[in-house]
Every structure is written in structure tokens, then in C-alpha cells.
Amino acid sequence: MTGPSFALLATDGVARRGRLATAHGTVETPAFMPVGTAATVKALTPAMVAATGAQMVLANTYHLMLRPSAERIARLGGLHRFMGWDGPILTDSGGFQVMSLASLRTINETGVQFRSHVDGARYELTPERAMEIQYLLDADVTMVLDECVAHPAEPDAVAEAMRRSLRWAARCREAFRARPGYHLFGIVQGGIDPALRAESAAGLRAIGFDGYAVGGLAVGVGQAAMFDVLDVTAPLLPAAQPRYLMGVGKPDDLVGAVARGIDLFDCVIPTRSGRTGQAFSREGALNLRNACHAEDPRPLDESIPCPASRDFSRAYLHHLVRTNEILGAMLLSWHNVAYYQQLMADMRAAIEAGRFDAFCDDFNRRRSGDDQ
Ligand SMILES: Nc1nc(=O)c2cc3nc(NCCN4CCCCC4)[nH]c3cc2[nH]1
């Protein structure tokens, strides 16, 4: 594979249509990555995930370094073979998960030391170790190790974490083994402070990455503040590389972020909510536990080419959810991921056709129920 790995195919206003080439295939953007934290997109086989149209999945360094360990996955041929997914895989670096999951954490210039939330064993994650783990996993896209400060936080703490993350990003770049088709993405930090976000973006550009993520946003910040940060940050990122908004989000978050120049997303919402009986639809979210679905013979959404969306009645799904049958979690997770993929495919087509504004108007009108 030669030449730039990301091609910007079309723009419509700030929205972008692109293509990311990786060692395990290409990713048409804007794209949504289903979350496969512990080497599985929960309740779905790789074939089901592929059937949704998903191109790239996410896995987590933090979870896999604890169980089964990166070394064991490497001995078994890497994460693609281990989990049976032969398409592109992006792995998060563990910085965020350590802060949100591990206990007894200490963070210093070297890295972060913590105890496993599983068995209390002690671990250390440094920029160099995070690069080694993601190399052992054979991730197509590797994320730098960063410090994501929970919101709200003292401005000084946000600034210190952002600057440490920049120093760690430089160490990651140094330790990353560059190979064709394998990419290293930087992560912009800085909370909701435009000046800190600008300093972070400039610092990452000076180091030089294959893609740029916007981190530290989706937890507790709210959509309006998130969009404000994107309005400031996205234009500061190089147009020629992909932009990835981490951990986001609901369908309306995705549409608003694509409109602000974001190319790549991941979020647990479609799978996590599928396990709780929630289904996404053009008229908004449905809770299949609700008695109103008990005798509804209609499928969830015949326009979505996924068996879960097309071949089962809402009444049946209501039954599965009410009786807590495993198939309920499977079918709703499958449908929700397919719904997200259909949304991304519709946005890619709209940008290509220069009608993204019309797409947004139609999307927002449907959500507000005007066309019931
Ligand atoms: N390396 C790294 N750095 C981040 O700043 C980061 C920020 C993130 N923010 C989220 N948000 C997940 C929040 N999620 C939103 C939907 C409902 C469940 C919680 N995931 C993230 C992952 C992240 N990974």
C-alpha cells in the first residue's frame, strides 16, 4: 500500500466523505465503529457484525491486557484471528479505561500504575507499553496513551493533563513501529477550554500523526458543549487526515458531529441499549419492554437490510425482552448496529450528492415527530 492512507473524496460544507486504507481493508467515512471491548461486540458474532455493514471495530487495550493478555493474543496470531474479525480494528490505548475502571491508580510522568478491577493485580501502562500492547494485538489503528480528565475538572488539572498527554504522545510516536497500513492517531485533550484545545491540536500536529481524535468529551459534557468544542477544534486539525470523536454517541450526536467535520465514531450505545430492550428507529428510540408492542406484528424497520430489523415482529421482540431471552439481546443489538450503519451510509451518500443539509433537515424533522 503506497501513498496517503486517507483520501478525502468529497466535502459538503464542513461535512467530509473519505476513505481510510488499512492493512486489513478500507473504511468508508463517515464511519461508525461498533465497540468490541474484550474482543467481542457483545451478543454478536463477527458475521452478524459484518452483516450490519460495519467496516471497522474497536477493542480495548485495558481489558485485553488484563484478560487474556496481549502476549497470549499475539501467540495465537493476533486479535483479528483471535476474535474472527478480518476487517480493520482500532484499539483504544487504555488511558481512559484506567481512569474510569481501575482502582488505586497513580499517575506520573512515567505513566499510570493501577490495580486491575478484576483481581486487584498491579499493572503499569506507559506510552511505550501501550504501543507494545497494540502492536502485539496487531491493531490497524493504534491510539496514543493519554490522560482523560473527568468533567468537570479544575482548569489547572485539565491543562496539566493535556500537556502531559502531549509529552506522552511524542513518546508514543517514537515507540510506534510504522508499517504500511498501520496508523497511529493522536488524541486532542483540553476539556471545554478553546485555548487548551488549540494548544493540544497544535502540539499534536507538530509531532505528526496519521489521524487525530477528539477525546475527553463524551462523558458528562453534554451535546451543546461538545459541539462548541468541535466548532473550535475540528478546523485546527489537518484536513488530509481522519478525525475521530471518541465514545460518541447518540444518532443526533453523530449527525451534528459529521456536520462539524468528524469522520469516525465509536460508542457502546447501540449494543448496550440493545441489551436493555431498546431499539433505534427513524421515529426515535423504542422500548420493546413497553406493552404497546405486545401485539404489534410489524418488524422494527423493513428499510434496513438486516434480519433483526426485517424478519421479526415487534410483538416477538417484546416477548423475548420481557422473558429476558438471550435472543432478545442479540436481535436488538444486531438491529441497533445495523441502524447506526444505515445512518452512516445515508450520510456518506448525502455528502457525495451535495445534499447533506437536506439530510439533516429531514433527520431532525423525523426526530421531532413532525411527519408522524
Ligand atoms: N484514549 C481515550 N481518550 C479519551 O479522552 C476518551 C474519551 C472518551 N469518552 C468516551 N465516552 C464514553 C461515554 N459513553 C457515552 C455513551 C454512553 C456510555 C458512556 N469514551 C472515550 C474513550 C477515550 N479514550
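Values reported hereafter were calculated over all heavy atoms of this structure, with side chains retained and with hydrogens, waters and symmetry mates removed. What you see is a predicted model, and the numbers here were worked out from it, not measured in a lab. Order of listing sets the numbers, starting from 1, for every ligand and every atom in it. Sequence positions, counted from 1, serve as the residue numbers for this chain.
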>> Can you tell me which residue among Arg16, Arg17, Arg348 is in a salt bridge (Lys or Arg N to Asp or Glu O under 4.0 Å) with Glu28?
In response: Arg17
>> With heavy-atom distances below 4.0 Å as the criterion, list the atoms of ligand 1 near Val268.
In response: 18 (C)
> So does Arg81 have more than 12 non-hydrogen atoms from other groups sitting under 6.0 Å from CZ?
Replying inline: no
> Taking only heavy atoms of Ile269, which atoms of ligand 1 are found under 4.0 Å from at least one of them?
Replying inline: 16 (C), 17 (C)
> Does a side-chain heavy-atom distance below 4.5 Å link Phe82 with Leu137?
Replying inline: no
> Does any N or O atom in Gln189 lie less than 3.5 angstrom from one in ligand 1, N or O only?
Replying inline: yes
>> One residue to check: Ile187. Relative to ligand 1, which of side chain, backbone, both or neither has a non-hydrogen atom less than 4.0 Å away?
In response: side chain
> What residue pairs, at least two apart or across chains, pass side chain to side chain donor-acceptor pair (under 3.5 Å) with a residue in residues 323-333?
Replying inline: none
> Would you call Asp362 and Arg355 a salt bridge, using N to O less than 4.0 angstrom?
Replying inline: no
> Any heavy atom of Lys250 sitting closer than 4.0 Å to ligand 1?
Replying inline: no
> By number and element, which atoms of ligand 1 are closer than 4.0 Å to a non-hydrogen atom of Arg272?
Replying inline: 18 (C)
>> Are His117 and Tyr62 an aromatic pair, judged by ring center distance below 6.0 Å?
In response: yes
>> I want to confirm something. Looking only at heavy atoms, which of Ala161, Cys267, Gly216, Gly247 is nearest to atom 7 (C) of ligand 1?
In response: Gly216
> Is there any side chain to side chain donor-acceptor pair (under 3.5 Å) pair reaching into residues 230-245, and which pairs are they, with sequence neighbours excluded?
Replying inline: Asp231-Arg260, Tyr244-Asp266
> Can Met246 be said to touch ligand 1, with heavy atoms closer than 4.0 Å?
Replying inline: yes
> Looking at ligand 1, does Ser93 have a heavy atom less than 4.0 Å from it?
Replying inline: yes
